[in-house]
Q: 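One structure, as structure tokens, below. Some questions next.
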Amino acid sequence: MPVSRMRMRPWLEDMIDSNSVSGLVWVDKDKKMFSIPWKHAARHGWEMDKDACLFKQWAIHTGKFKPGITEPDPKTWKANFRCAMNSLPDIEEVKDKSINKGCEAVRVYRMLQVVKNKSKRSSKSQDSRRRKKARKMDADMSSTEEHVYTNKQQQDMITQENTIDSTESMKTASPTYDVPDCSGYEVEIGPDSTNDIYTGRFQVSPVHTTEYEEKAIVEERSLSYVFTQN
């Protein structure tokens, strides 16, 4: 790899000003237009040192070719140079001035004006917009989470209040039941819906007194009789 590597545009400007490559010249220096020899290798009279000199120098500059170590490959040099030129944002081909065929084939390019300050401002502006957008998204997410949390708290409080009211209602409510006195009543059982051959009557017996109660009644009657006789 080379010790220091220049960008392609300043490297090209130095190569054009040096007049070290035949055919690499300024077409209009004020407009930054220049031409590059682009003769096809299959053409008669093509020479590597002459027609591929610029491509070879770029391969050496980028470390793709090391004289005496790697084998010369003019086809690859030219392809790599063309790809590098097409990828530059500040150089464009002037196609209506280029000549693509013949022994005098050339390609004409123009170097575009570079506005560094504008690019920096644009980059800073984009970064600022991205940061603002990120902060807004974070604020929206925080607000949404807080709203959900508040609603959950309110729902929990309502549920607790309903549970307390229900519990108190159950405690205060005391159901009463009236038990009818069935003594002395006769209940008639009608025919069953599935079997009408069984009928019957039964009588509810009155409440029986206990042996202790009967003894008390007899004693009370005896005392009443004695008092009556006296």
Side-chain angles (χ1 to χ4, degrees), residues 1-138 140-141:
M1 292 293 293
V3 176
S4 62
R5 175 175 170 177
M6 296 174 63
R7 289 184 64 252
M8 193 172 198
R9 173 169 173 162
W11 180 85
L12 274 171
E13 291 182 280
D14 288 349
M15 292 297 291
I16 298 170
D17 292 335
S18 68
N19 293 318
S20 60
V21 178
S22 176
L24 180 65
V25 295
W26 290 110
V27 175
D28 189 336
K29 191 170 184 178
D30 293 337
K31 295 182 179 179
K32 291 291 184 178
M33 291 176 61
F34 62 97
S35 66
I36 299 174
W38 213 268
K39 186 177 179 179
H40 199 277
R43 286 287 176 180
H44 178 70
W46 182 87
E47 297 179 11
M48 183 176 67
D49 292 336
K50 177 184 176 182
D51 298 307
C53 180
L54 180 62
F55 311 140
K56 176 183 177 181
Q57 293 299 322
W58 178 247
I60 293 173
H61 178 69
T62 57
K64 301 295 183 181
F65 174 62
K66 297 179 180 179
I69 299 176
T70 57
E71 291 292 328
D73 189 357
K75 184 177 180 180
T76 301
W77 299 343
K78 187 175 184 179
N80 290 340
F81 183 89
R82 181 174 60 249
C83 290
M85 288 289 289
N86 292 337
S87 66
L88 292 176
D90 52 354
I91 293 181
E92 64 178 8
E93 183 181 359
V94 185
K95 293 186 178 182
D96 59 340
K97 294 185 179 297
S98 296
I99 302 173
N100 297 322
K101 297 180 180 180
C103 295
E104 301 299 327
V106 294
R107 288 197 178 184
V108 179
Y109 291 88
R110 176 173 48 236
M111 296 180 181
L112 305 177
Q113 185 177 3
V114 179
V115 184
K116 295 182 179 180
N117 293 334
K118 184 177 180 181
S119 299
K120 290 180 179 179
R121 286 196 300 269
S122 177
S123 178
K124 289 181 180 178
S125 177
Q126 290 178 359
D127 292 340
S128 177
R129 285 196 296 268
R130 281 194 290 267
R131 286 194 295 268
K132 288 181 180 179
K133 185 177 180 180
R135 286 196 296 267
K136 185 177 183 301
M137 291 177 64
D138 291 341
D140 292 342
M141 290 179 65

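Counting begins at 1 with the first residue of the sequence.
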Q: Give me each pair satisfying side chain to side chain donor-acceptor pair (under 3.5 Å) with a member in residues 27-36, each pair once, sequence neighbours excluded.
A: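 Pairs touching residues 27-36 that pass the test: Glu13-Lys32.
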Q: I would like to know whether Thr76 and Lys64 meet side-chain contact (heavy atoms from CB on, under 4.5 Å); could you show each step before the answer?
A: CA-CA 10 Å; Thr76 301; Lys64 301 295 183 181; over 6 Å; no
Q: Nearest 0.5 Å, please: how far is CD in Gln57 from OG1 in Thr62?
A: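 Rounded to the nearest 0.5 Å, the OG1-CD separation comes out at 11.0 Å.
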Q: Measure the spacing between NZ of Lys66 and CD of Glu71 and express it to the nearest 0.5 Å.
A: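 These two atoms lie 14.5 Å from each other.
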Q: What are the two closest heavy atoms between Trp77 and Ala59, and how far apart are they?
A: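 Reported closest heavy-atom pair: CD1-CB, 3.6 Å.
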Q: Evaluate the ring planes of Phe81 and Phe55, with Trp represented by its six-membered ring, and classify them as parallel (under 30°), tilted (30 to 60°) or perpendicular (over 60°).
A: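 Judged by the thresholds at 30° and 60°, the geometry between Phe81 and Phe55 is tilted.
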Q: Working to the nearest 0.5 angstrom, can you tell me the gap between Ile16 CD1 and Leu54 CG?
A: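 So the CD1 of Ile16 and the CG of Leu54 are separated by 8.5 Å.
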Q: Would you please test Ile91 and Leu12 for side-chain contact (heavy atoms from CB on, under 4.5 Å) and show each step?
A: CA-CA 11 Å; Ile91 293 181; Leu12 274 171; 4.1 Å; yes
Q: Taking all atoms of both residues into account, what is the closest heavy-atom pair of Met48 and Pro72, and its distance?
A: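 Closest approach of Met48 to Pro72: SD-CB, 4.2 Å.
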Q: Can you list every pair that meets ring-ring contact (aromatic ring centres under 6.0 Å, His included) and has a residue in residues 10-32, with sequence neighbours left out?
A: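 Non-adjacent pairs meeting ring-ring contact (aromatic ring centres under 6.0 Å, His included): Trp11-Trp58, Trp11-His61.
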Q: How many angstroms lie between atom CG of Asp90 and atom CZ of Arg9, to the nearest 0.5 angstrom?
A: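 So the CG of Asp90 and the CZ of Arg9 are separated by 5.0 Å.
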Q: A side-chain contact here means heavy atoms from C-beta on lying under 4.5 Å apart; do Lys56 and Pro74 qualify?
A: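 A side-chain contact is absent here, since even the closest heavy-atom pair is not under 4.5 Å.
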Q: Just how far is it from atom NZ of Lys39 to atom NZ of Lys78, taken to the nearest 0.5 Å?
A: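 Going from NZ on Lys39 over to NZ on Lys78, the span is 11.0 Å.
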Q: Tell me, with the steps shown, if Leu24 and Phe34 meet side-chain contact (heavy atoms from CB on, under 4.5 Å).
A: CA-CA 7 Å; Leu24 180 65; Phe34 62 97; 4.3 Å; yes
Q: For Lys95 and Asn100, what are the C-alpha separation, side-chain angles and deciding distance, and is it a side-chain contact (heavy atoms from CB on, under 4.5 Å)?
A: CA-CA 9 Å; Lys95 293 186 178 182; Asn100 297 322; over 6 Å; no
Q: Rounded at 0.5 Å granularity, tell me how far CE in Met33 sits from NZ in Lys97.
A: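 Met33 CE to Lys97 NZ: 5.0 Å, rounded to 0.5 Å.
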Q: Of all heavy-atom pairs between Ser98 and Val108, which one has the smallest distance, and what is that distance?
A: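 Answer, listing the atom of Ser98 first, then Val108: OG-N, 3.0 Å.
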